[in-house]
Amino acid sequence: MTVCMAGMALAGCGSGSGQGAASDAPQAENSAVESQTEPAADAPADGAASAEGNVTIWYYWETEGHQEALNHIIDEFNSSNSGVTVEAKYVPFADFKKQLSIGASAAELPDLVLFYNKDMLETAGCEVPASWDELLETAKACTTDTVSGFAHCALQNEEGTFNFLPWMWSTGATSYEINSEGGIKALNFVKDMVDSGAMTKEAINWTQGDTMHQFIAGNLAMMINGTWQIPTMREDAPDVNWGVAPIPKDAQPVSGLGGENYAVIAGGNEEGAIKFLEYAVSGDTCLYMMHQMGYISSDSTIAEGQFEGDEVYQVFVDQMQYAQARGPLPEWPEISDAISLAFNKVITGDSEPEQAVEEAQATIDKIMGEK
């Protein structure tokens, strides 16, 4: 039986029902993967209690600390439960998304903010940017022969779309309106950032983890990234003087919602999977995962006071009022592909923004028209 850690960028530990969403990418191993459902909070206790057999969890986390945290709770579960044996399998996000089509995530929290190198901004004589114009000028001022002023993951996949969409949303456009004044404006902004040298084209090859490593290595002055990078940055780069701030805005402030849910693949050892999930989302186990991975729990009873006194995480919490989600609809992966292809073509110079949005919108309209 396979369980998937399905989602955008783990908001974590919600017990509400719903379907998982894909973004960085979870995984599974089963002879046939045709459907999946989120385990309900009131899953039958009797069946789970008498469960036995093997359960495989697919996940897509690249960060070693995330993998260690998952393996830790699996080892604890296996050592304290007889009958059910759980193992984890890493599957890259790009491969996972080809295998599963997933719907909307449930409870989610804001995941994206601007990370900046305080020393680099000070040397350039710049304040933390709050608008697009300020971001462009600050990134240009911080760019040198060895440092790029700004970047975010711009892969041609959902991970890249996740990082790009706040630009669109900030104009007032929705995820489905790329061929609009706002969508064109967002792509023109990205084009200006790249053409000016303020944003490196290499971002089309960088995951969010890659972007973080470029930042802590001193190769980036600013980046868009999420909570899950904070534990690694604090441990691996204690001497880097960095801070976080809201994403610079156009017409309105925004952040991206992320969320990953455990999802059970139907037709296999469902009772065994639910037994593990009952353990994984319990208070102490969930809180351990959240702290190890740098996530804010979507369970308010767990999240309350979770990062009290931590100024960095507080910025993410404050952005909740402006956060937006991708989707939700089962066809979202296809729409995401169209969006990521559009901004990749603009970044590489293969298309002008007006042409790129026209092509993307045609794909989106076809998908929406078939619903």
Side-chain angles (χ1 to χ4, degrees), residues 7-11 21-25 60-63 93-94 97 105 108-116 129 132 135-136 139 148-171 173-175 178 182-183 186-187 189-194 198-215 220-230 244-250 253-260 316 319 322-327 332-333 335-348 356 360:
M8 310 292 188
L10 199 69
S23 171
D24 221 10
Y60 56 86
W61 296 310
E62 299 174 341
T63 305
F93 172 61
K97 202 176 75 169
S105 62
E108 299 165 319
L109 288 171
D111 276 322
L112 295 177
V113 298
L114 178 72
F115 289 72
Y116 60 93
W132 285 9
L135 177 60
L136 176 58
S148 293
F150 174 79
H152 62 67
C153 166
L155 290 171
Q156 190 181 319
N157 64 16
E158 173 64 18
E159 194 175 355
T161 300
F162 178 47
N163 284 261
F164 167 76
L165 278 175
W167 304 130
M168 272 182 57
W169 294 336
S170 188
T171 70
T174 72
S175 304
I178 193 169
L187 281 174
F189 173 65
V190 172
K191 175 178 168 59
D192 290 344
M193 291 284 289
V194 172
M199 178 177 175
T200 174
K201 286 185 178 181
E202 285 300 311
I204 65 171
N205 300 313
W206 291 349
T207 65
Q208 293 168 111
D210 295 333
T211 307
M212 181 270 293
H213 284 294
Q214 292 291 331
F215 180 80
L220 283 177
M222 296 176 288
M223 68 172 178
I224 300 294
N225 226 312
T227 56
W228 56 93
Q229 309 295 8
I230 294 171
V244 297
I247 297 173
K249 68 182 180 69
D250 176 46
V254 294
S255 181
L257 283 174
E260 289 165 338
F316 289 86
Q319 287 301 291
Y322 307 118
Q324 297 188 36
R326 295 152 289 168
W332 174 255
I335 292 173
S336 175
D337 284 344
I339 295 171
S340 65
L341 180 60
F343 67 70
N344 261 258
K345 285 185 173 181
V346 170
I347 290 173
T348 59

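Residues take their numbers from the sequence shown, with the count starting at 1. Note that this is a predicted model, so its numbers are computed, not measured.
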Rounded distance (nearest 0.5 Å) linking atom [atom1] of [X] with atom [atom2] of [Y]:
X	Y	atom1	atom2	value
Asn163	Glu158	CG	CD	10.0 Å
Ile347	Glu202	CD1	CD	11.5 Å
Leu135	Ile224	CG	CD1	7.0 Å

Which pair of heavy atoms, one from [X] and one from [Y], lies closest together, and at what distance?
X	Y	answer
Leu112	Ser255	O-OG, 2.7 Å
Thr348	Lys201	O-NZ, 4.1 Å
Ala360	Ala342	CB-CB, 4.0 Å
Leu165	Ser175	CD1-OG, 4.0 Å
Trp206	Cys153	O-SG, 3.1 Å
Ala245	Val113	O-CB, 3.3 Å

Residue pair [X] / [Y], side-chain heavy-atom distance below 4.5 Å:
X	Y	result
Phe215	Met212	no
Met223	Gln214	no
Phe343	Ile204	no
Lys249	Val254	no
Pro129	Met222	yes
His152	Phe162	no
Ile247	Tyr322	no
Thr161	Trp332	yes

Not counting sequence neighbours, which residues clear ring-ring contact (aromatic ring centres under 6.0 Å, His included) with Phe115? List them please.
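If we apply the ring-ring contact (aromatic ring centres under 6.0 Å, His included) test to Phe115, skipping adjacent residues, the hits are Trp242.
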I'd like to check the ring-ring contact (aromatic ring centres under 6.0 Å, His included) partners of Phe189; sequence neighbours left out, ordered by chain and number.
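Partners of Phe189 by the ring-ring contact (aromatic ring centres under 6.0 Å, His included) criterion, ordered by chain and then number, come out as Trp132, Trp167.
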Restricting to side-chain hydrogen bond (donor to acceptor under 3.5 Å, both in side chains), what partner residues turn up for [X], sequence neighbours left out?
X	answer
Thr207	Glu62, Asp210
Asp250	Lys185
Lys345	Glu359
Gln324	none

I'd like to know if the side chain of Asn344 reaches the main chain of Ala154, judged simply by a donor and an acceptor atom lying under 3.5 Å from each other, with no hydrogens or angles considered.
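Yes; at least one donor-acceptor contact below 3.5 Å.
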Is there a side-chain contact (heavy atoms from CB on, under 4.5 Å) between Val190 and Phe164 once you walk through the steps?
CA-CA 9 Å; Val190 172; Phe164 167 76; 4.0 Å; yes
Side chains of Gln229 and Gln208: is there a donor and an acceptor less than 3.5 Å apart?
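On atom types as modelled, these side chains do not qualify, holding no pair under 3.5 Å.
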Decide side-chain contact (heavy atoms from CB on, under 4.5 Å) for Val244 and Leu114; before the verdict, give the C-alpha distance in whole Å, the side-chain angles of both, and the deciding distance to 0.1 Å.
CA-CA 5 Å; Val244 297; Leu114 178 72; over 6 Å; no
